[in-house]
Amino acid sequence: MQFQAIKRSKQIIIPAFKIAANTREAEQSCLALLQVCGAVPKLIQIQTHIVKLGLRNNPLVLTKFASTASDLKAIDYASSFLFSPDSDAHIYDAFLFNTIIRAYAQTSHTKHKALYFYSVMLKGGVLPNKFTYPFVLKACAGVGDLNLGKSVHGSVVKFGFEDAVHVRNTMIHMYCCCAGGIECARQVFDEIPNLDSVSWSAMIGGYVRVGWSSDAVELFREMQMVGVRPDEITMVSVLSACTDLGALELGKWVESYVEKEGIQKSVELCNALIDMFAKCGNVDKALKLFRNMTGRTIVSWTSVIDGLAMHGRGMEAISLFEEMIGAGVEPDDVAFIGLLSACSHSGLVDEGKRYFSSMVEKYERVPKIEHYGCMVDMFCRAGHVKEALEFIHKMPIQPNPIVLRTLISACRAHGELKLGEIITKQLIREEPMHESNYVLLSNIYAKMKHWEKKTKTREVMDKKGMKKIPGSTMIELDNELYEFVAGDKSHKQSTEIYEMVDEMGREMKRAGYVPTTSEVLLDIDEEDKEDALNRHSEKLAIAFALLNTPPGTPVRIVKNLRVCDDCHSATKFISKIYNREIVVRDRNRFHHFKDGLCSCRDFW
DNA sequence: ATAGGGTTAG
């Protein structure tokens, strides 16, 4: 921490304060002066005034001085003046601290300073009031440290603010922002006797934040059951859960609910709707909402650009980006990620290179690892493995494991097996407990036909107690969400589903489908491998959809991982044989299967 | 005089 001057002030004395009659005027003149300032030069000027007029220990003036500071530099300046050890003023009250803590808690990179002044406050014996904790908890949320959060929670109880409604709700929020804090948040939530819409929103939003989206939806249903009216902020969180789950029907229901209940369509709510439609497979509807909305922000633009990118509509994404520039909206880091991933997903290598340079040169942005990641991904998808490798060598920052895994997948897909093996082994040394590294290695050995090495890799995984993340596929039918995992037998239509899968397999083979058995991790014979492939969750979900929807109805499914080679090839056959449009959202993008072809042009 | 929950990302 850089507060040398402040750190030295060990003792804070709070004498009784009395305004002399003749200082009234001075005080008024100072306050008047404080109406118009903000930045550091003006603060210095006023500081001189304060000292000259002998108001160095006037709480009213000092607090006004603190709250006047308009930017971070000014706040730093103000706090160092107010709390400097050589100051003869020691009039510290809660409001003064609150002002400083609030200023620091509002900005994302200064949360630790807010907490520092909170500790100064406690050490100085200044009692926090009911306004203090919402600021302090917000700062804790930004830091995200559970132990810190718990200790602040302890102080809240100690000072008797645990029943203050704002404090409780911010506490839920704070715990939700701390790693591993979601259970603590729920505990606070459960102990509140009269939950209001803010408490519910905080908890629902927290579930979404940690990826427990179905729990978020569940909680929203509970909220409706107990009759608390959701507002636009609640709906943003619920929509965000729909987006995560890929639950288009639920998302549409939310849209009509908003209309019906007359919930205010804030810019943020519109953005959430746009994002939901784009990521749940209806990017045209997202575009329509985008065109009709007023007050678009960078988030609106980015959501729709990103949506187009996921659907492989790269040229449209680019033209929207250009339109955004034309509209005078300055692109930020996230917007560039969207743009570059659009280039990547549509194989627009030249455009991607051009935008990457213009990002650096024209927009003077320092590329982050995510931007480099997009570029590597772009080269890899296009099959330019060598170029990807050169690019990584030239990067000014270290490639992270995500970038390396992209490169490794490309090595496997484009026959650079030896190179892939070397990089993977290196990665395993750095990240020995990351399960997907072993899967990659195992897949490389399969392609090399090094069966004994593949078996050994599998054994290492077992020995370390690692399991493959189970693939799962979600599908919505009649307002219900169904989730299938590989080999799922839990569904009540299970027998019919497996019969359907068998029938699909026979029809596909007749049409020329060859199972891709080389990537099956298990060490079993070929026939069992085929069987293992047929039990993949997406095939089960598709069979379920074919059984339960009228002919010709489009099928929409959502996978938690990337779609495997075999399922991709099988789905193409199924779309043709059964004359169905099949829309698959995988971890990275959308695949629109129609007439035996996929919109990704086998490029994902 | 000062208070709570929300959106975009490889």
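Note that the coordinates shown come from a computational prediction; the quantities given were computed from them, not determined experimentally. Just the heavy atoms: all of them, side chains too, but no hydrogens, waters or symmetry mates, feed the values below.
Atom pair A:L289:CG and B:dT8:C1' shows a separation of 16 Å (rounding to whole Å applied). Residue A:R587 contributes atom CZ, which lies 10 Å from atom P of B:dG10 at whole-angstrom precision. The interatomic distance linking A:W200 (CH2) with B:dG5 (C1') rounds to 14 Å, in whole Å. A straight line from NE2 of A:H173 to P of B:dT7 spans 9 Å, rounded to a whole angstrom. Rounded to whole Å, the distance from CD1 on A:I369 to P on B:dA9 is 18 Å. If you take CE of A:M293 and P of B:dT7, they are 15 Å apart, rounded to a whole angstrom. Distance CD1 (A:I337) to P (B:dG10): 7 Å, rounded to an integer number of Å. Rounded to a whole Å, the CE atom of A:M276 is 15 Å from the P atom of B:dT7.
Contact annotation for A:V165: base contact, defined as any heavy-atom pair under 4.0 Å involving a base atom. Using a 4.0 Å heavy-atom criterion, one finds that A:D333 contacts no nucleic acid atom at all. Contacts of A:T243 with the nucleic acid, taken as non-hydrogen atoms under 4.0 Å apart, are absent. Using a 4.0 Å heavy-atom cutoff across all strands shown, A:L239 reaches no nucleic acid atom at all. Using a 4.0 Å heavy-atom criterion, one finds that A:T99 contacts no nucleic acid atom at all. Base engagement by A:N400 is indicated by at least one non-hydrogen atom pair under 4.0 Å involving a base atom. At a threshold of 4.0 angstrom between heavy atoms, the contacts of A:T406 with the nucleic acid are absent.
Applying the side-chain hydrogen bond (donor to acceptor under 3.5 Å, both in side chains) rule to A:K368 yields the partners A:D333; only residues at least two apart in sequence or on another chain are considered. For A:K138, the side-chain hydrogen bond (donor to acceptor under 3.5 Å, both in side chains) test picks out no residue, with sequence neighbours left out.
Of all nucleotides listed (B:dG6, B:dA3, B:dG5), B:dA3 comes nearest to the side chain of A:F131. Here the side chain of A:D306 is nearest to one of B:dA9, B:dG6, B:dG5, namely B:dA9. Considering only side-chain atoms of A:E370, the nucleotide from B:dT7, B:dA9, B:dT2 that sits closest is B:dA9. With B:dG10, B:dT2, B:dG6 as the candidates, the nucleotide lying closest to the side chain of A:S237 is B:dG6. Which of B:dG10, B:dG6, B:dT8 sits closest to the side chain of A:I402 comes down to B:dG10. Here B:dA9 is the nucleotide among B:dG10, B:dG6, B:dA9 with the atom lying nearest to any side-chain atom of A:V334. Out of B:dG6, B:dG5, B:dA3, the shortest distance to the side chain of A:V236 is found at B:dG6. Checked against B:dT8, B:dG10, B:dG6, the side chain of A:C374 finds its nearest nucleotide in B:dG10.
Aromatic ring centres of A:F379 and A:F391: separated by under 6.0 Å. You'll find the ring centres of A:W200 and A:F189 inside the 6.0 Å limit.
Within the cation-pi definition used here (under 6.0 Å to the ring centroid, within 45° of the axis), A:R365 does not qualify as a partner of A:F336.
Side-chain atoms of A:N271 stay outside donor-acceptor range of the base of B:dG6, with no qualifying N/O pair under 3.5 Å. Not a single donor-acceptor contact under 3.5 angstrom links the side-chain atoms of A:S344 to the base of B:dG10.
Side-chain polar atoms of A:Y118 and A:Y104 form no donor-acceptor pair below 3.5 angstrom.
Here the straight-line distance linking atom CG of A:D275 with atom OG of A:S300 works out to 10.5 Å at 0.5 Å rounding.
In this structure, A:Y207 and A:W212 have parallel ring planes: the angle between them is below the 30° cut-off, well short of the 60° mark.
The side chain of A:H166 contributes no N or O atom lying less than 4.0 Å from OP1 or OP2 of B:dG5. Side-chain nitrogen and oxygen atoms of A:R209 include none within less than 4.0 Å of the OP1 or OP2 phosphate oxygen of B:dG5. Taking side-chain N and O atoms only, A:K279 has a distance below 4.0 Å to OP1 or OP2 of B:dA9.
Residues of residues 133-143 of chain A that place a heavy atom closer than 4.0 Å to DNA chain B, in numerical order, are A:P134, A:F135, A:K138.
Taking a 6.0 Å sphere around CZ of A:R291, one finds it holds more than 12 heavy atoms contributed by other residues, nucleotides or ligands.
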